[in-house]
Trainee: 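My questions all concern the structure below.
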2 protein chains.
Amino acid sequence: MTKPRSRRGGGRPTIADVARKAGVGAITVSRALREPGRVSEDLRRQIRAAVDELGYVPDPNARALASARAEVFGVLVPSLTNNVFAEVVRGIYDSLSDSPFRIQIGNTHYSGLEEERLLQVFGSQRPAALIVAGIDQTPSARRLLENAGCPVVQVMETGPDPVDMMVGFSHFDGGRTAAEHLLQAGYRKIGFIGARMDPRSQRRLAGYRAAMEAAGLFDARLVTTTPVPSSVTLGRELFRDALAKMPTLDGVFCNNDDIALGVLFECHRASIDVPKQIGIVGFNDLDMMQVSFPSITSVRTHRYEIGTRAVAMALSAIAGNRPEQRIVDLGFELMRRESTGR
Amino acid sequence: MTKPRSRRGGGRPTIADVARKAGVGAITVSRALREPGRVSEDLRRQIRAAVDELGYVPDPNARALASARAEVFGVLVPSLTNNVFAEVVRGIYDSLSDSPFRIQIGNTHYSGLEEERLLQVFGSQRPAALIVAGIDQTPSARRLLENAGCPVVQVMETGPDPVDMMVGFSHFDGGRTAAEHLLQAGYRKIGFIGARMDPRSQRRLAGYRAAMEAAGLFDARLVTTTPVPSSVTLGRELFRDALAKMPTLDGVFCNNDDIALGVLFECHRASIDVPKQIGIVGFNDLDMMQVSFPSITSVRTHRYEIGTRAVAMALSAIAGNRPEQRIVDLGFELMRRESTGR
DNA sequence: CATGCAAATGGTAGCGCTACCATCTCGGGC
DNA sequence: GCCCGAGATGGTAGCGCTACCATTTGCATG
């Protein structure tokens with residue numbers, strides 16, 4: 001009449017099995033695993049031996065239920081394929097790989113509503129921390145973040161009013177710097193070409209516009225944008241549109257490097273000399289920018305570092321150390337190359 | 001002397017609160033949420049009203065603990081930034097966005113040991129399904145997959161001996177097709193340039209080699225590889241190496257499109273005519289291949305579909321329908337473009 | 001009219017872990 | 001020698017949910 005080992009669990013060893021084998025209480029095993037310092041050397045050794053022998057792995061679900069806190073970082077990004085976010089995510093993964101924290105990524109597809117939905121889903125798990133891209137949450141998404149009951153890091157941008165913490169840089173300044181560089185290099189009819197036009201792209205456009213207005217050279221016809229997702233192909237097409245609209249164009253600030261590459265290829269194809277006839281500046285500084293012919297000037301952003309820094313801040317907040325600096329500006333760097341070397 | 005609402009839980013509504021409000025048993029609420037068909041129309045309405053009013057969201061951790069099954073898809077990929085895997089992951093996300101399943105991605109960094117470790121971690125959660133890239137698991141990783149107790153889909157490649165299910169294509173055939181195309185186009189001294197050289201790259205190389213040997217044109221000096229991660233910059237450097245080693249080179253099959261782009265740029269820089277002096281074939285067919293100047297011939301792979309198909313198979317296995325076809329070959333498509341149009 | 005059976009609902013007993021609160025031991029201070 | 005507090009360990013009682021096994025009801029069947 002022995003009770004079967006377990007009604008449902010797949011018969012995997014539990015903390016009670018380890019405790020029995022090590023001759024201690026279950027709670028001591030739990031402590032030995034989570035706060036080794038609070039268990040004596042002797043027992044710790046016995047427990048480790050029992051764990052190894054049984055191949056015990058704690059059940060994260062039971063752990064989360066009992067402690068009302070899951071060892072999960074929730075990460076919300078607008079795109080998985082955009083290299084920019086992929087780099088941030090990679091930074092997050094690398095920083096968390098030696099920690100007990102798991103990572104759960106949500107893809108918002110650049111939609112505020114989808115972001116709300118995912119925040120709801122993520123929140124139901126009581127994550128240890130949340131990392132979200134951008135600062136333009138809907139009011140209700142913002143409320144969810146404020147009530148998440150865990151550290152929150154907004155990444156990619158800086159802004160005046162963080163939910164909790166922030167790591168990023170000023171896209172406005174990035175756009176302005178790019179435009180000013182073209183102006184200094186002697187270009188005058190400088191276009192802006194942008195796809196997707198999410199809030200960050202909008203702010204880069206605003207920075208470009210500020211620089212152009214300051215130089216007395218802004219003209220609405222210089223701006224060519226589309227809500228369509230960015231691609232190299234699209235860069236080529238938009239550049240053609242821009243040129244059709246404004247044949248005297250002598251420079252372009254591209255919303256991102258894919259667009260810039262598309263512009264460069266179209267210049268090759270149409271035998272437009274870069275940088276003599278057209279100067280090109282990209283944004284993000286992907287690897288290929290330095291190899292292309294001619295190499296392309298771009299605004300380098302520190303995407304991987306944004307990820308690692310965000311994790312570092314969240315981790316220290318979890319440990320109880322609120323950071324002295326809630327807003328971290330990692331800046332950017334203008335990489336001058338052949339494409340603007342007139 | 002009223003007991004406090006709860007010792008730990010943040011005071012969020014539980015299934016018992018909903019049951020009380022709706023005047024039914026907790027189990028009926030649980031059923032109404034998971035198998036609505038088994039609860040009468042009337043109660044379902046009452047329950048839905050109570051859920052909405054209280055803002056009840058089920059706790060996935062409690063659910064996982066009680067049912068010994070987490071609504072999680074574990075996904076293991078070797079890289080997060082490599083566009084190839086990002087596309088697969090995007091397909092997985094899109095296919096799962098309307099389901100209750102969450103996704104947990106693990107980054108193996110092309111390491112079998114890391115894959116084992118992540119499998120151990122993922123397994124401890126009792127995931128609903130596992131999707132892993134590649135077919136070259138270590139013996140112990142393979143054992144973990146076999147004992148995972150859930151559907152397993154190996155993606156990116158096909159092979160003779162699936163753990164459970166497989167979706168992908170033959171990299172060997174892809175490599176052979178690329179080389180044969182160059183041969184047919186009249187190129188003779190066709191090099192292979194590859195970075196990273198993971199098992200899939202090795203098989204593409206093997207396919208290339210088979211085609212070259214069949215034509216009696218294989219020469220070990222035609223092959224230039226490195227274990228270093230792939231990049232456009234690296235493509236340029238490897239091409240220079242290849243050319244230094246074999247100045248009469250008249251074609252290259254590049255392990256991937258980044259390398260191919262690097263080769264193209266170096267050709268521009270060194271005034272090597274493409275396709276007259278050198279023919280170039282890439283692999284994967286990223287968007288930029290069709291826009292570059294000249295456009296680059298590439299082997300198109302169906303990465304997004306691999307992701308969606310893997311999810312579809314896993315979902316149907318979860319529903320109890322073992323697929324008639326355990327190995328799905330999605331093939332590839334040679335996209336002929338200017339870079340091989342001699 | 002008893003019987004059987006399916007459909008609808010509920011009670012009980014955990015799932016595997018940890019928070020909370022003992023209990024016990026030991027050494028130092030008086 | 002006694003008291004006290006710190007450190008180490010353990011027992012109990014859940015966390016919020018669902019598997020399992022009733023129980024109830026309604027209705028077709030013989």
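Since the model is a prediction, treat every value here as computed from it, not as a measurement.
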Trainee: What is the distance from CD1 of A/Ile47 to P of D/dA8, rounded to the nearest Å?
Mentor: 13 Å

Trainee: Could you tell me if B/Ser30 and B/Arg34 have a donor-acceptor pair between their side chains, going purely by distance under 3.5 Å?
Mentor: yes

Trainee: Round to the nearest Å and state the distance from B/Leu65 atom CG to D/dC17 atom P.
Mentor: 12 Å

Trainee: With a 4.0 Å limit, can you tell me whether B/Arg38 has a side-chain N or O closer than that to the phosphate oxygens OP1/OP2 of C/dA8?
Mentor: no

Trainee: Select from B/Ile27 and A/Ala62 the residue whose nearest nucleotide in DNA chain C is closer to the 5' end of that strand.
Mentor: B/Ile27

Trainee: Using whole Å, report how far CD of A/Glu41 lies from P of D/dG7.
Mentor: 17 Å

Trainee: Do any side-chain nitrogens or oxygens of B/Ser40 fall under 4.0 Å of OP1 or OP2 in C/dT9?
Mentor: yes

Trainee: Please check if any side-chain donor atom of B/Glu116 sits under 3.5 Å from a side-chain acceptor atom of B/Gln137, or the reverse.
Mentor: no

Trainee: For B/Glu71 and D/dC17, give me the distance from atom CD to atom C1', rounded to whole Å.
Mentor: 12 Å

Trainee: Side chains of A/Thr138 and A/Arg142: is there a donor and an acceptor less than 3.5 Å apart?
Mentor: no

Trainee: Round to a whole Å and report the spacing from CZ of A/Arg44 to C1' of D/dT9.
Mentor: 14 Å

Trainee: From the list C/dT9, C/dC17, C/dT18, which nucleotide is the closest neighbour of the side chain of A/Ser67?
Mentor: C/dT18

Trainee: Got a second to check how far B/Ile306's CD1 is from B/Ile92's CD1, nearest 0.5 Å?
Mentor: 10.0 Å

Trainee: Could you state the atom-to-atom distance from CG of A/Leu43 to C1' of C/dT25 in whole Å?
Mentor: 14 Å

Trainee: Any salt bridge between A/Glu146 and A/Arg143, counting N to O under 4.0 Å?
Mentor: no

Trainee: Mind checking if B/Arg34 touches a base, just sugar-phosphate, or nothing, with heavy atoms under 4.0 Å?
Mentor: sugar-phosphate

Trainee: Using whole Å, what does the distance between atom C1' of nucleotide C/dT18 and atom CZ of A/Arg31 come to?
Mentor: 10 Å

Trainee: On DNA chain C, compare the nucleotides closest to A/Glu35 and B/Gly23; which residue's is nearer the 5' end?
Mentor: B/Gly23

Trainee: Between A/Leu33 (CG) and C/dT18 (P), how many Å, whole number?
Mentor: 8 Å

Trainee: Within the structure, does a side-chain N or O atom of B/Thr28 lie under 4.0 Å from either OP1 or OP2 of C/dG10?
Mentor: yes

